[in-house]
Participant: 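A single structure is presented below for examination.
Residue numbering restarts at 1 for every chain, and letters A, B, ... go by the order of the sequence lines.
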There are 2 protein chains.
Amino acid sequence: MARPKVPLLSVDRIADAALELVDSGEPFGVNALARKLGVTPSSLYNHVDGLDGIIELMRGRFSTEAGAQLQHGTWHEIVAETLRAQRRMYARHPNLVPLVVGKTITDPFVIESYDRLASTLLEAGFPDDEVLGVIAILDAFAIGFGLDLASPEEIWHPQGETQTLGRLIAEAPHGDERSDRAFELGLELLLDSLRGRLARILA
Amino acid sequence: MARPKVPLLSVDRIADAALELVDSGEPFGVNALARKLGVTPSSLYNHVDGLDGIIELMRGRFSTEAGAQLQHGTWHEIVAETLRAQRRMYARHPNLVPLVVGKTITDPFVIESYDRLASTLLEAGFPDDEVLGVIAILDAFAIGFGLDLASPEEIWHPQGETQTLGRLIAEAPHGDERSDRAFELGLELLLDSLRGRLARILA
DNA sequence: ACCTGAACACCGTTCAAGT
DNA sequence: ACCTGAACACCGTTCAAGT
């Protein structure tokens, strides 16, 4: 016991196991993670900064996984691809979404991706004092749809009579198909209006 | 002790205290809530269905609080008012947002509000198979911005150099003002594009 | 440097016992 | 019907001890 000659743990091993645990759908926590790694919970604190640290680690990992973003193309192609990439990540690890939501972003890769988005919008012609607002909107949209993927099959569960909601729910496609369609529709709407706004600004 | 002549608890009293606790910013839970009510945790289970039940209770309460929605007006006025009302609720109880996120909605008042939205969009001329998608988009938008309000002051915290993000963050307004502006901009964009889409559909 | 084990202050939920 | 108190199976985190 005590200190082994070759370390049992490493930041990478912890991140891998954490993502696996999250994806398995079992409740996530440092104790559960330690069990999965065959180790004592306190061991993790030699490598990682507690629960929040592990979550931030996953955010970084799962955004690196998403791979290279489009580097050239029109600004709206870049925006669309960035959002689609983010959505793919959320789709691959839906259970991670509720964990990362509302925590300050410090991971360098994630920061870099937002930085690139900001530069792109600025170069496209959006004014300085509007770029961050546009990004906040894109972010709200992406995270909202991320949560949509993490949500239970039934978002609404009407108990009694409804005027139209019940019928539409019954008729509509379910699960990922519904979510995918809504995402693409929303993306189209958002880009349309951004294009229009930019045209007016540049005119 | 044991059973008192006049009950110490009631569903209403629990809901009130729960919202107060959430709004105080202290960690929310059934133990903390019981302490606040001067009662044993197990007592709550006589009135309420555990932690999830209490959270659903708050969702209902805090959407009733939002009060009457616009009943007439154009469809986009109704949509705008519904989203603004939702945002006001989120703004008033930001700490509730992370709690309700991703849990199936059963509260009748909330269901009714979505039902009304669905009817409005249908009457406006959006096709059957698109209404739920539009609502999902509006929802993603609203929840995304709700989380924006619940987020820490600094959403992004760049550690190193950035191309443009750091400068924009320093220049931009902070906190609620930033969030409010982005919300109104996003709402405008969304409504613009929905109007355009509807015009094309009806043409 | 890196792991264990004990300790601490918490959780949410169940259930018998009491009035 | 409605509350308590004990019990259970968990949490996240700290820290001395061991190699």
Participant: So that I can tick it off, tell me whether B/R61 and B/D12 are bridged by a salt bridge, with the cut-off set at under 4.0 angstrom between side-chain N and carboxylate O.
Facilitator: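 Yes, charged N to carboxylate O under 4.0 Å.
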Participant: Tell me if a side-chain donor or acceptor on A/T40 pairs with a main-chain N or O of A/S43 at a distance below 3.5 Å.
Facilitator: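 Side chain of A/T40 to backbone of A/S43: no pair is present.
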Participant: Salt-bridge test for A/D192 and A/R195: reply yes if a basic N is under 4.0 Å from a carboxylate O, no otherwise.
Facilitator: yes
Participant: Calculate, to the nearest 0.5 Å, the distance between atoms CD and CG belonging to A/E20 and A/L37 respectively.
Facilitator: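 Taking CD in A/E20 and CG in A/L37, the distance rounds to 9.0 Å.
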Participant: Please determine, for the side chain of A/L51, which listed nucleotide (D/dT13, C/dT14, C/dC3) has the closest atom?
Facilitator: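 Of the candidates, D/dT13 comes closest.
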Participant: Under 3.5 Å, is there a donor-acceptor pair between the B/R87 and B/S179 side chains?
Facilitator: yes
Participant: Check whether any side-chain nitrogen or oxygen of A/N46 sits under 4.0 Å from OP1 or OP2 of C/dA1, and answer yes or no.
Facilitator: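 For A/N46, the contact criterion (side-chain N or O under 4.0 Å from OP1 or OP2 of C/dA1) is not met.
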Participant: What does the 5'-to-3' dot-bracket notation of DNA chain C look like when only Watson-Crick and G-U wobble pairs under 3.5 Å count, and pairs to other strands show as |?
Facilitator: ||.|||||...|||||.||
Participant: So, is B/H47 near the phosphate of D/dC3, with a side-chain N or O under 4.0 Å from OP1 or OP2?
Facilitator: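 Yes, within the criterion.
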Participant: Is there a side-chain polar atom (N or O) of B/R35 under 4.0 Å from OP1 or OP2 of C/dC11?
Facilitator: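 Looking at the OP1 and OP2 atoms of C/dC11, one of them is under 4.0 Å from a side-chain N or O of B/R35.
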Participant: Can we say B/R197 and A/E188 salt-bridge, meaning some charged N sits less than 4.0 Å from an Asp/Glu carboxylate O?
Facilitator: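 Salt bridge: yes.
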Participant: Does A/S43 or A/F28 map to a spot on DNA chain D nearer the 5' end, using the closest nucleotide for each?
Facilitator: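 Between the two, 5'-proximity favours A/F28.
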